[in-house]
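To start, the structure under review is shown below, and the notes come after it.
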Amino acid sequence: MKYNIRNRMKRVLKQIFLAAVIGVIMMACQENGDYEDVITDGAYQTAAQIRLTNVIIHDIFSPPVASRIYAYPSIAAYEVAVLADPKYKSLMGQLNGFEKAEFEFEEDVYLPLASLAAYYKVATAMIFSEDMMTSHRDKAYEEIRKKGVPKKVFQKSVAFGEQVADHVIAYSKKDNYHESRSFEKYTVRNDPNTWQPTPPAYGEGIEPHWNKIRPFVLDSAAQYKSVPPTEFSTDPNSEFFKEAEEVFKVVKDLTEEQSDIAYFWDCNPYKVNVKGHVMFAEKKITPGGHWMGIAAISSKTAGHDWKGAAETLAMTGVALFDGFIACWDEKYRSILIRPETYINKYIDEDWLPVLQTPPFPEYTSGHSVISNAAAETLTELLGEPFHFVDSTEVAYGLPIREFNSFREAADEAAISRLYGGIHYMPAIVHGASKGKEVGHHLLGRISTRTENLAEN
């Protein structure tokens with residue numbers, strides 16, 4: 001009996017020893033094996049961007065500020081991608097005030113991971129709810145480690161990515177954003193043609209000094225100044241009255257398709273709902289967040305690797321950022337009255353727009369400007385026609401929409417503001433023109449390739 005027990009114990013100990021040896025060997029193989037395929041495409045950066053969108057919604061950042069939060073992390077991720085492939089060109093020395101810096105890294109630094117680390121660090125520095133971003137980062141890092149990236153390589157890669165991130169964060173701190181937080185608020189005027197806060201929340205004017213933020217590629221916020229809006233008048237025979245009447249009639253006779261388009265592109269980050277004596281907020285994606293989502297979807301559709309994805313997201317972020325600066329410069333120059341205010345006062349006091357009017361002046365349409373700036377940039381990167389399925393709004397209870405080009409999507413985003421009852425047509429038409437000018441200027445001013453995109 002004792003002999004049998006002793007033999008069994010020996011066998012068990014031998015099995016435990018062999019299992020331990022095999023485990024060590026397998027771990028060693030993982031640690032020293034081929035981990036180059038752990039990150040091949042932009043999936044990790046896209047996941048980080050989706051998380052960033054959720055944080056932006058949670059923290060209730062305005063559309064202009066959200067564009068800033070998207071842009072800098074994307075630039076940081078792209079700057080690491082530049083180091084991985086000589087066909088890409090750094091944005092350092094090309095973007096306004098973005099000083100060149102030399103980054104040296106050891107051979108065992110895993111650049112796809114470094115790129116992701118750069119994104120996470122800059123994104124976390126831009127938001128309030130940092131724990132929401134760091135918890136997402138930690139889960140991603142744990143998954144990557146389990147896929148076989150050696151500990152030493154992992155640590156070096158993250159450290160290097162954060163080194164690049166520090167340079168981008170230092171760059172962001174000089175764009176006048178933090179100084180603008182202490183600038184005076186907008187004072188509502190008594191002029192009948194000027195913007196007035198609208199129901200139900202009657203919010204104060206958002207970011208009246210956004211034109212003082214340093215743009216990435218524009219020479220100034222007013223570089224592409226729009227023609228003035230139509231001269232204000234309450235005369236029923238005037239052009240301005242007719243523009244307001246058009247909004248009134250379009251909303252009154254709205255088709256189901258037009259309604260779907262209006263809601264799909266609503267992108268109001270803080271919609272206030274009133275039920276009886278109760279007022280509550282419904283938080284949603286910003287218009288810039290919608291286009292960053294389109295950029296990520298389209299990059300995946302195009303089959304980009306992680307470097308191509310980083311390029312697409314960075315360039316889209318730059319276009320949106322400058323688009324908002326150009327747009328807001330005009331909004332607080334013309335300070336034009338919104339359709340809701342005008343129609344209620346001069347046409348029908350009970351009229352309501354389809355969408356909730358956002359809290360800032362009317363002219364020009366922000367959706368029209370930033371959508372066209374992004375569309376021109378994405379068209380240069382991915383070509384035309386380019387079919388994509390926009391599922392960005394599915395997470396917010398809306399169905400998908402399909403487009404055959406980015407310009408087609410931009411056109412729909414622009415006209416959605418008429419269907420929603422929050423813009424007159426001139427704001428849409430001239431906003432689209434401004435956005436195209438911003439996009440064309442960007443593409444003529446900076447380049448991400450050592451050769452023409454068409455040749456790659």
Side-chain angles (χ1 to χ4, degrees), residues 30 35 38-62 65-81 109-170 172-173 177 269-270 281-286 288-290 292-293 295-297 299-300 306 309-310 313-314 317 391-397:
Q30 274 194 325
Y35 54 85
V38 171
I39 301 176
T40 57
D41 57 20
Y44 277 104
Q45 186 178 340
T46 296
Q49 178 177 285
I50 291 171
R51 181 62 162 191
L52 184 58
T53 293
N54 292 336
V55 177
I56 288 171
I57 293 170
H58 178 273
D59 289 348
I60 319 176
F61 287 109
S62 69
V65 176
S67 73
R68 179 179 184 268
I69 296 172
Y70 283 117
Y72 285 109
S74 300
I75 290 169
Y78 172 72
E79 286 301 323
V80 177
V109 165
Y110 186 40
L111 289 175
L113 173 57
S115 178
L116 184 64
Y119 186 94
Y120 272 117
K121 183 165 187 181
V122 178
T124 305
M126 298 273 152
I127 56 178
F128 299 142
S129 302
E130 296 180 2
D131 59 322
M132 289 180 67
M133 206 69 202
T134 55
S135 63
H136 191 272
R137 176 203 65 193
D138 292 345
K139 288 180 181 177
Y141 283 179
E142 182 182 3
E143 181 179 309
I144 291 168
R145 280 286 293 118
K146 287 181 177 178
K147 287 183 177 180
V149 177
K151 183 177 181 180
K152 186 177 180 181
V153 171
F154 183 92
Q155 291 173 339
K156 286 184 177 181
S157 303
V158 170
F160 179 70
E162 293 186 347
Q163 181 186 343
V164 176
D166 288 338
H167 183 63
V168 175
I169 291 171
S172 74
K173 289 181 177 179
Y177 172 75
Y270 194 71
E282 178 184 344
K283 298 187 286 186
K284 294 185 288 186
I285 196 171
T286 64
H290 191 143
M292 290 301 290
I297 289 167
S299 178
K300 182 179 180 181
W306 69 274
L313 294 173
S391 58
T392 309
E393 296 287 345
V394 170
Y396 311 100

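Taking His136 as the reference, Tyr120 meet the side chain to side chain donor-acceptor pair (under 3.5 Å) condition, with sequence neighbours excluded. Residues satisfying the side-chain contact (heavy atoms from CB on, under 4.5 Å) test with Asp59, not counting sequence neighbours, are Val55, Phe61, Ile127, Phe128, Ser129. Here Thr53 pairs with Tyr70 under the side chain to side chain donor-acceptor pair (under 3.5 Å) rule; sequence neighbours left out. Checked against side chain to side chain donor-acceptor pair (under 3.5 Å), Asp166 has the following partners two or more places apart in sequence or in another chain: Lys121. By the side-chain contact (heavy atoms from CB on, under 4.5 Å) test, Ala123 pairs with Leu52, Pro73, Tyr119, Met133, sequence neighbours left out. By the side-chain contact (heavy atoms from CB on, under 4.5 Å) test, Ser135 pairs with Arg51, sequence neighbours left out. Taking the side-chain contact (heavy atoms from CB on, under 4.5 Å) definition, one finds that Glu143 meets it with Tyr44, Lys147, sequence neighbours left out. Every residue meeting the salt bridge (charged side-chain N to carboxylate O under 4.0 Å, His left out) condition with Lys284, not counting sequence neighbours, appears here in chain and number order: Asp266. Applying the side chain to side chain donor-acceptor pair (under 3.5 Å) test to Thr392 and every residue at least two apart in sequence or in another chain returns Asp390. In this structure Tyr141 satisfies the ring-ring contact (aromatic ring centres under 6.0 Å, His included) test together with Phe154, sequence neighbours excluded.
Counting heavy atoms from C-beta outward, Ile297 and Ser391 have side chains that approach closer than 4.5 Å. In this structure, the side chains of Ile144 and Tyr35 stay at 4.5 Å or more apart for every pair of heavy atoms.
In this structure, Thr46 contributes its side chain and Ala43 its backbone to no donor-acceptor pair below 3.5 Å. Judged purely by atom type and a 3.5 angstrom limit, Tyr110 uses its side chain to pair as donor or acceptor with the backbone of Ile39. When atom types are taken as modelled, the side chain of Gln49 and the backbone of Ala296 share no donor-acceptor pair closer than 3.5 angstrom.
Listed here is the closest heavy atom pair of Gly161 and Ala118: O-CB, 3.3 Å. Considering every non-hydrogen atom in both Ala117 and Glu162, the closest pair reads O-CG, 4.4 Å. Contact record, Glu79 with Val164: CB-CG1, 4.0 Å, taken as the closest heavy-atom pair. Closest approach of Met292 and Leu313 over heavy atoms only: CE-O, 3.4 Å. Taking both residues in full, the closest heavy atoms of Ser115 and Val80 are given as N-CG1, 3.5 Å, listed atom of the first, atom of the second, then distance. Closest heavy-atom contact between Ala77 and Gln45: CB-OE1, 3.7 Å.
Interatomic distance, Ile56 CD1 to Arg68 CZ, rounded to the nearest 0.5 Å: 11.5 Å. Once rounded to the nearest 0.5 Å, the distance linking NZ of Lys151 with CZ of Arg145 reads 7.5 Å.
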Give the C-alpha distance, both sets of side-chain angles, the deciding distance and a yes or no for side-chain contact (heavy atoms from CB on, under 4.5 Å) between Leu111 and Trp306. CA-CA 10 Å; Leu111 289 175; Trp306 69 274; 4.0 Å; yes
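The stretch residues 128-142 participates, sequence neighbours left out, in these salt bridge (charged side-chain N to carboxylate O under 4.0 Å, His left out) pairs: Glu142-Lys146.
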